[in-house]
Amino acid sequence: MNTFQQDLQDAVAYHGHICGGQIIGVRMARMGSKMLGIDSPKDFRGLIVYVECDRCLTDAIGTVTGCKLGRRNLKWLDYGKSAATFVNLETGESIRICSDARHYPPEGVDLIEFYSAIPDEELFRVTRVKVDVQPEDLPGKPLIASVCSECEERVMDGRQVVRDGIVKCKACADGAYYRLADEA
Ligand SMILES: [Zn+2]
Ligand SMILES: [Zn+2]
């Protein structure tokens with residue numbers, strides 16, 4: 001296993017700055033991996049991480065674990081929480097770790113010093129959880145693909161919506177996050 005310093009250095013290099021999120025994310029990822037019996041997360045294929053925000057700590061969790069959105073072993077849920085769940089696919093064990101919002105560094109303080117004074121038990125809330133990882137959510141080739149009957153775009157991984165036997169993509173079925181530029 002890398003040292004904390006090595007992991008933090010890698011996280012900062014990838015993320016672009018040192019911040020509380022890098023320190024918390026590195027500690028969270030190291031703790032989650034360790035609790036799941038994974039010594040070297042980057043060399044272990046059976047780890048999936050669910051992150052609950054798209055802020056600083058997400059990058060640190062990615063660099064420590066080697067999990068990536070594009071590899072399907074990093075899943076993003078838009079909960080707006082500084083939390084992540086680490087799943088060991090080989091043992092079926094999962095650990096959810098949420099950082100305690102009471103610890104917030106005052107302006108201008110040395111972040112490494114500030115956080116190193118807070119032990120894991122105080123900084124984190126840790127729970128053993130169960131995650132039912134569906135086959136179509138696992139890394140590997142897409143198991144299911146279909147075509148939307150409206151826009152005719154291809155939909156992978158079972159994300160299509162079927163109503164009254166009609167197959168649509170989520171955007172056509174329920175509305176998209178975008179609209180055409182020439183629409184009002
Ligand atoms: Zn940051
Ligand atoms: Zn469509």
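Atoms within a ligand are numbered from 1 in the order they appear, just like the ligands themselves.
- Scanning all heavy atoms of the two residues, the minimum distance from Leu111 to Ile18 falls at CD1-O, 4.4 Å.
- Taking all atoms of both residues into account, the shortest heavy-atom contact from Met156 to Pro142 is SD-CG, 4.2 Å.
- Note on Asp120 versus Arg30: no salt bridge recorded, every NZ/NE/NH1/NH2 to OD/OE distance being 4.0 Å or above.
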Review point. Run the salt bridge (charged side-chain N to carboxylate O under 4.0 Å, His left out) check on Asp39 and Lys34 step by step: do they pass?
Key: CA-CA 6 Å; Asp39 285 333; Lys34 206 168 151 196; over 6 Å; no
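- Contact record, Cys67 with Leu47: SG-O, 3.7 Å, taken as the closest heavy-atom pair.
- When only modelled atom types and interatomic distance are considered, Ser116 and Glu113 share no side-chain donor-acceptor pair under 3.5 Å.
- For CD of Glu93, the number of neighbouring non-hydrogen atoms (other residues, nucleotides, ligands) closer than 6.0 Å is greater than 12.
- Excluding waters, the count of protein N/O/S atoms less than 2.8 Å from the Zn ion (ligand 1) comes to 4.
- Around the Zn ion (ligand 2), protein N, O or S atoms at a distance under 2.8 Å total 4; waters are neither shown nor counted.
- Taken to the nearest 0.5 Å, the CZ atom of Phe86 stands 5.0 Å off from the CD1 atom of Ile97.
- Contact check on Arg125 versus Asp100 returns no salt bridge, with no Lys/Arg side-chain nitrogen under 4.0 Å from an Asp/Glu carboxylate oxygen.
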